[in-house]
Enquirer: 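Please read through the structure below; I'll follow up with questions.
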Amino acid sequence: MNAPVVIRGGTVVEASWNGPADVLIRDGKIAALLKPGAAVPDPAIRTVDATDRLVLPGGVDPHCHVGFTSGEFTSLDSYAECTTAAVFGGTTTIVDFAIPRPGRRPLDAAVAQRAKAGEGLCDSALHGCVVEWDDTTADQLKTMADSGIRTIKMFTTYAGESMANAHTILRTMQATRDLGGMVIIHCESDAIIVDAQTRAAEAAGVDAAHMACTRPEIAETAAVAEILAIAESQNAPVYFVHQSTAEAVELVADARKRGLVAFTESVAHHLVLGDGAYTGEGPERFVCCPPLRSAEAVEALGEHLFTGHITTLGSDHCCYDLDQKQVHRHDVRHMPNGLPGVETRLPVIFSRYVHDRGLSASRFVQLSATNPARTNGLYPRKGSLMPGADADVAIWDPQARWTAGVGQLHQATDYTPYEGMALTGRPTTVLVGGHVVVDRGELVDDTPRGRHLEASPLDFREMATGCIPAG
Ligand SMILES: [Zn+2]
């Protein structure tokens, strides 16, 4: 078993409070929070200094694609590589996806992806995925739930690849609801997008510079409205991934007021980057779905970090490199969608929202660790530093100034969409299961100790009250 550790001199930040405390770690778990300077029984205990630092529960990234194949492209990282980048960025749990290739069973995809967890430097959980309902789907979902895979990803777009029709979505919502799980869904109306792409191809073009107009905001609004109606008809909980507009977020907030258990995830790039990126050099570096939105839309979306309407913060990490992004630079319909971001999720949002705009550190932890743990059935084992939790800790320097750049990062790709961005705040030392893995910016332990985390049945009453801050 691993040696005990005490983290001294820092400010512990939980979702619901923060204050000075020392953190005692034993057997890979948080053993106690102590009065600063309190004596500990074992004088030989290892001390980690956190003076002038925030002591955060390690981040939980609810949306992270590892080695993901879509169309002709597979994203480039292994579990070892993705989790190495994650821990450098202060994230100590990732939730990956098992998205079946056309014709493959969801359960088989899940079993294959789950087997990779042991290569990780940190723990991981998994979302399943249903594309087409058939006679075996209910049994497959039951088997997945029994092995702790309770959140099921669905898509309203990408016809012929991963898109599910409304019948399939409704039946999957019924089944996951009854299994203590929920559907998590990518909402963009495929009909509106195909039409917008067709019209763009005939006019301005479908190269990356025209990305924004090929996937208009109304495509997202339309799909969110339809999915909310299906969820309400079944009283089924639903979680919307990467909501990119305030309008979409507000539809979900309104449904919550009517009593539906519904959650909004927003991802870092939609909160920081605008569609001006598509008019600059190398626009294919920013091709993601939904696309980056206007500066005004980014501003309006960011407001909902403060209102509480955004439940979780994800990365939607997809580790493609420039070669892959540029093969079809003249046609976004064939480009690999997605941006690398598992390592930058926390620093970018901390800098732009906590440092620059006064978002509270507790709300930052709630969005980036505690709520993702809750919505994935991992709380309070993850997303908290209360006694009994896994000792996954990010010791954070809130004043560190640095410039994001691919040379500073550890993701298995040759670019970052944040290249050259001046940032304030970053993790310095990161513990995983009580082991110091990153120390003062260096990887000091690359032992793969990753475990597949089994999601507990979701407690929707606890989630509905716990995830949404009052006021
Ligand atoms: Zn995604």
Side-chain angles (χ1 to χ4, degrees), residues 59-71 73-77 79 82 85-86 91 93-101 106 109-110 113 124-131 149 151-159 161-164 169 182-188 190 193 211 215 219-220 223-224 227 238-245 248 263-273 285-293 301 310-320 324-325 332 335-345 348-349 368 372 375-376 411-413 417:
V60 178
D61 189 340
H63 193 150
C64 184
H65 298 275
V66 191
F68 170 49
T69 299
S70 174
F73 298 101
T74 299
S75 67
L76 296 170
D77 48 5
Y79 260 66
C82 182
T91 288
T93 302
I94 59 167
V95 192
D96 184 20
F97 295 80
I99 297 172
R101 301 295 303 140
Q113 200 69 355
S124 56
L126 207 53
H127 303 296
C129 174
V130 170
V131 177
I149 299 170
T151 42
I152 302 298
K153 177 81 177 281
M154 306 195 82
F155 298 82
T156 67
T157 184
Y158 308 128
E161 184 84 18
S162 49
M163 176 173 156
I169 292 169
M182 70 178 163
V183 164
I184 71 170
I185 189 158
H186 175 141
C187 278
E188 286 182 292
D190 204 61
I193 286 166
M211 181 66 197
R215 303 185 88 91
E220 184 171 350
V224 170
I227 295 306
V238 60
Y239 174 108
F240 294 87
V241 298
H242 53 48
Q243 289 206 300
S244 72
T245 70
F263 303 104
T264 283
E265 171 191 281
S266 198
V267 298
H269 49 259
H270 289 134
L271 290 157
V272 172
L273 301 172
R285 290 175 298 153
F286 302 96
V287 167
C288 56
C289 301
L292 302 179
R293 303 299 193 188
L301 181 68
I310 294 174
T311 317
T312 64
L313 172 71
S315 68
D316 201 359
H317 172 77
C318 268
C319 209
Y320 298 113
Q324 292 174 309
K325 295 298 268 187
V332 294
M335 234 178 245
N337 300 305
L339 310 181
V342 72
E343 188 173 1
T344 43
R345 177 182 71 120
V348 159
I349 296 300
S368 63
T375 57
N376 285 290
Q411 299 167 136
T413 178

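Note that the structure is a prediction, hence the values are computed from the model and not measured. One-based numbering along the sequence shown. Atoms within a ligand are numbered from 1 in the order they appear, just like the ligands themselves.
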Enquirer: For the pair His317 (side chain) and Val342 (backbone), establish whether a donor and an acceptor sit closer than 3.5 Å, ignoring hydrogens and angles.
Expert: yes
Enquirer: I'd like to know whether the aromatic ring centres of His63 and Phe97 sit less than 6.0 Å apart in this structure.
Expert: yes
Enquirer: Have a look at Ser266 and tell me which of Thr311, Ile349, Ile310, Thr312 forms a side chain to side chain contact (heavy atoms under 4.5 Å, CB included) with it.
Expert: Ile310
Enquirer: For the pair Arg215 and Glu220, find out whether any cationic side-chain nitrogen is under 4.0 Å from an anionic carboxylate oxygen.
Expert: no
Enquirer: Quick one: name the protein N/O/S atoms under 2.8 Å from the Zn ion (ligand 1), chain by chain.
Expert: His63 NE2, His65 NE2, Asp316 OD1
Enquirer: Between Met154 and His186, is there a side-chain heavy-atom distance shorter than 4.5 Å?
Expert: no
Enquirer: Does a side chain donor of either Asp316 or His269 reach within less than 3.5 Å of an acceptor in the other side chain?
Expert: no
